Enquirer: 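The structure that follows is given in the form of structure tokens.
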Amino acid sequence: MGTIGILRALIHQIEIDSNPIYLLECRRSAFTFLRTRQIARHIAFVGVVAVPLFLFIGLLRIATQISELPILLNLLIGMAWSLPIVLLAGEGIQRERIAQTWNNVLLTPFTTETILLAKASGGISKIWKSATIFLIGLTTLGAAVLLLLFGILSSTDQDTLLRLLFICAGVAVLIIEHGQEAALCVAMGMAISVLSKSQGLGLVIGVIASMVLRLFQIVFLLLMIAWLYPTVLSTFLWLNIVLGSSLLLTSDAVAASLLSLVGLIIVREGVIRALFQYTLRHAAV
């Protein structure tokens, strides 16, 4: 199952027709790992992850002579909505596995795929509206910036229709990117839940996975921006916060930009499908 299948299942469960497993999961408390007696341990785990991250960003600044602020802001904004989805998507599955009741859930008259997505939907429903509003707002802001950029960067002899097509393509890239990232977070959360029964280890893996997801895209786009816009790198790093990979469409190297965008979309989709298949294979273990 890929991006469309996962998102359709989430929308169907949360907004249209919920099955009993989803309804039961909605009644459970969110973020059970944040109990008072566990907070110190989780802070220590996150600290172990944060130190290498800041060392990486420091080395990146030394190597490229660019400000780390837009990179950090990009990372924090991305993790602000992606990390809760990763953690909540697998929370219900992990809870059942810790209580040793997961096999009983699998005996219900639903397919494993339906059970996994119902559990994930129940967890995500706690932040569904907030995450949706945030992503719609980010996409709208990105569309407005694209409109402004193509109005400023386009030469006077360019056809208005061509500019409009590029703006539409940019908005489409934004929508696809945010949709794939949301589906990838759900797939990662479910995969982590069947990989580990430990809530503390699940938290650490979730944080690391969310960071890796953001850093991979940041580094990839940083390299592309440095190649396409070497003289205005700092400015375009700030624009990348709201535009994501659609920023590449503003380049004169149209062929290279389109190939990069298509490649990034294909890679994301492949990872989503691989993670979901891994989860299905190991769900009953």
Side-chain angles (χ1 to χ4, degrees), residues 2-4 6-8 10-11 66-67 69-71 73-82 85 129-185 213-214 216-272:
T3 300
I4 295 176
I6 291 174
L7 295 181
R8 187 196 300 131
L10 293 180
I11 294 170
I66 60 173
S67 173
L69 186 57
I71 298 174
L73 192 58
N74 196 342
L75 180 65
L76 291 175
I77 290 175
M79 289 189 64
W81 68 268
S82 63
I85 293 178
K129 289 184 179 179
S130 300
T132 302
I133 291 171
F134 179 82
L135 288 178
I136 290 174
L138 197 60
T139 303
T140 303
L141 179 60
V145 173
L146 276 173
L147 185 63
L148 183 63
L149 272 178
F150 276 104
I152 293 174
L153 297 180
S154 300
S155 58
T156 55
D157 60 345
Q158 277 189 306
D159 184 42
T160 303
L161 180 59
L162 184 60
R163 269 187 270 178
L164 185 60
L165 286 174
F166 271 100
I167 292 170
C168 292
V171 174
V173 169
L174 279 172
I175 294 172
I176 292 170
E177 183 172 290
H178 291 154
Q180 283 191 319
E181 288 178 348
L184 183 54
C185 290
L213 169 64
R214 303 308 308 177
F216 170 78
Q217 295 194 126
I218 289 171
V219 170
F220 172 78
L221 292 172
L222 176 64
L223 294 174
M224 291 299 298
I225 292 169
W227 175 45
L228 297 171
Y229 306 104
T231 58
V232 288
L233 178 59
S234 180
T235 301
F236 277 82
L237 282 177
W238 285 102
L239 291 172
N240 177 239
I241 295 173
V242 293
L243 292 181
S245 58
S246 65
L247 177 62
L248 299 179
L249 288 173
T250 61
S251 167
D252 292 331
V254 178
S257 299
L258 289 175
L259 285 174
S260 300
L261 289 172
V262 171
L264 195 56
I265 290 171
I266 291 173
V267 168
R268 278 201 217 98
E269 190 66 23
V271 173
I272 291 167

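Everything quoted here is computed from the prediction, not taken from an experiment.
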Enquirer: So for atom CG, which belongs to Leu165, do other residues, nucleotides or ligands contribute more than 12 heavy atoms lying within a distance under 6.0 Å?
Expert: yes
Enquirer: Hey, is the main chain of Ser246 close enough, under 3.5 Å, to the side chain of Glu177 for a donor-acceptor pair?
Expert: no
Enquirer: Got a second to check how far Leu146's CG is from Ile167's CD1, nearest 0.5 Å?
Expert: 7.0 Å
Enquirer: What distance separates Leu135 CG from Thr140 OG1, expressed to the nearest 0.5 Å?
Expert: 10.5 Å
Enquirer: Would you name the heavy atoms of Trp81 and His178 that are closest together and state the gap between them?
Expert: CH2-O, 4.2 Å
Enquirer: Nearest 0.5 Å, what's the CG-CG distance between Leu259 and Leu264?
Expert: 12.5 Å
Enquirer: What's the spacing between Ile176 CD1 and Leu261 CG if we round to 0.5 Å?
Expert: 9.5 Å
Enquirer: Which heavy atom of Ser245 sits nearest to which heavy atom of Val173, and what is that distance?
Expert: OG-CG1, 3.6 Å
Enquirer: Any heavy-atom pair between the side chains of Val271 and Arg268 that's under 4.5 Å?
Expert: no
Enquirer: Would you find a donor on one side and an acceptor on the other, under 3.5 Å apart, between the side chain of Glu269 and the backbone of Thr3?
Expert: yes
Enquirer: Can you see which heavy atom on Ala182 is nearest to which on Leu7, and at what distance?
Expert: CB-CD2, 4.3 Å
Enquirer: Can you name the nearest heavy-atom pair linking Thr139 to Leu174, along with the distance?
Expert: O-CD1, 3.9 Å
